[in-house]
Amino acid sequence: MLILDQHPHNKSIMVSVLGAPNVGKSTLINYLVGMDLSIVSNKPQTTRNKFHCVFTVDRTEIILVDTPGLHKSNQEINKRLNEQAREGTEGADLNLLLIDISREILPQFVEFKENIEVELGRTWVLFTKADKVENSEQLPLAEVVERAKEIIPSIEKYFIISSKEQTNVHLLTGALVDAAKPGPHLYPGGDVSDKNQRFFVTEYIREQAFELLKDEVPYEIAVVIDEYKDIKSKADPNLFESHISASILVNRPSQRAIVIGSSGSMIKEIGIRARRKIEAMTGAPAHLNLHVKVSPKWFKNNFVLEEIGLPRAKDSNRVWRKK
Ligand SMILES: Nc1nc2c(ncn2[C@@H]2O[C@H](COP(=O)(O)OP(=O)(O)O)[C@@H](O)[C@H]2O)c(=O)[nH]1
Ligand SMILES: [Mg+2]
């Protein structure tokens, strides 16, 4: 497609952001994009869908593809999560492989290679959480990366960063701008994602559930939108208010009681916090109605999985019965 209305000096690059759960993918993405697009949690495996997070530096568009953390599992939902990560590498010009520098390093490469299963194209390694180790620049990382290249030969170079203290992230941004190829922007209108507001609403609700709930409960939650309407404000006819009804699906009746909380206190708190983030996103008042529904084994239910953006994977279980 010929795009005539774009500046001739435009450049673009698509970069998949990969790594095990909890290495800091979402934190880095949010920092680079300058917005809370991706759920950050101290609990692993919060991100469930691949999606684009876009920012521009001068005339260069950088599209980061956030992905769920790869990990081994035979559960249907986890197979689909891994597939999302693999698909995140398709069409990418470059992969960023995040490795937590505060954990044992080489095994992280080995595990990643086992789980990604596909051959990776150009790859840069980002050693993350540099603020958590003393004298990170004295670690023999060059040697470690040489050994990592035996596992993943497409590794080109590495950076040592801290998203928390914002160390060296500018070096990464500069290198991404240099690596971008001349060409039209995929998001010339200034969109920051390929996902719509409905998606981010479900993510904000899930984020607060992860923040406020303990143990297995946040993992056994899915959020679906029942109704989403933008209605002209009575107070200001130039303003549209979002009226949203959403359901929080849980696996068991006891979880429903936990999510509702005593006299509804928990669901109220999740709703208040999520609504604030929705309003920050839309810049307009929002009304958020939350319901909690028991949907036994929703994480094996093809219908629910597709509804939350997780289509079948190549290695999906072939026989599946609703139970
Ligand atoms: N100390 C430190 N913590 C970080 C850094 N980046 C992320 N984290 C924390 O690591 C946890 C997981 O981060 P998240 O971005 O959700 O990881 P993801 O699962 O890879 O997307 C969160 O508690 C973050 O606050 C960092 O640079 N330094
Ligand atoms: Mg994440």
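- A ring-centre distance under 6.0 Å is not found for Tyr219 and Phe299.
- Judged by distance alone, with hydrogens and angles left aside, the side-chain atoms of Ser295 form no donor-acceptor pair with the main-chain N or O of Trp298 at under 3.5 Å.
- No side-chain N or O of Asp100 forms a donor-acceptor pair with one of Thr128 less than 3.5 Å apart.
- No side-chain donor from either of His243 and Glu227 sits under 3.5 Å from a side-chain acceptor of the other.
- Salt bridge Lys229/Glu241: absent, no basic N to carboxylate O contact under 4.0 Å.
- Under 4.0 Å is where a charged nitrogen must lie from a carboxylate oxygen, and between Asp66 and Lys50 no such pair does.
- Salt-bridge formation is detected for the pair Glu119/Lys113: a Lys NZ or Arg NE/NH1/NH2 atom is positioned less than 4.0 Å from an Asp or Glu carboxylate oxygen.
- In this structure, Glu156 pairs ionically with Arg122, as a charged nitrogen and a carboxylate oxygen lie closer than 4.0 Å.
- Judged purely by distance below 3.5 Å, without hydrogens or angles, the side chains of Lys79 and Ser316 never pair a donor atom with an acceptor atom.
- Between the side chains of Ser73 and Asn78, at least one donor N or O sits under 3.5 Å from an acceptor N or O.
- Centroid-to-centroid, the aromatic rings of Phe159 and Trp124 come within less than 6.0 Å.
- One finds a salt bridge joining Glu83 and Lys314 here, because a Lys/Arg side-chain nitrogen approaches an Asp/Glu carboxylate oxygen to under 4.0 Å.
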Counting only pairs under 3.5 Å, give me each side-chain donor-acceptor contact of residues 272-286, with atom names and distances, residues two or more places apart or in other chains.
from   : atom 1 : to     : atom 2 : distance (Å)
Arg273 : NE     : Glu269 : OE2    : 3.0
Lys277 : NZ     : Asp36  : OD2    : 3.1
Lys277 : NZ     : Glu207 : OE1    : 2.8
Glu279 : OE2    : Ala286 : N      : 2.8
Thr282 : OG1    : Ile278 : O      : 3.2
Thr282 : OG1    : Ala284 : N      : 3.3
Thr282 : OG1    : Ala284 : O      : 3.3

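- Between Arg147 and Glu150 there is no salt bridge, since no side-chain N of the basic residue sits under 4.0 Å from a carboxylate O of the acidic one.
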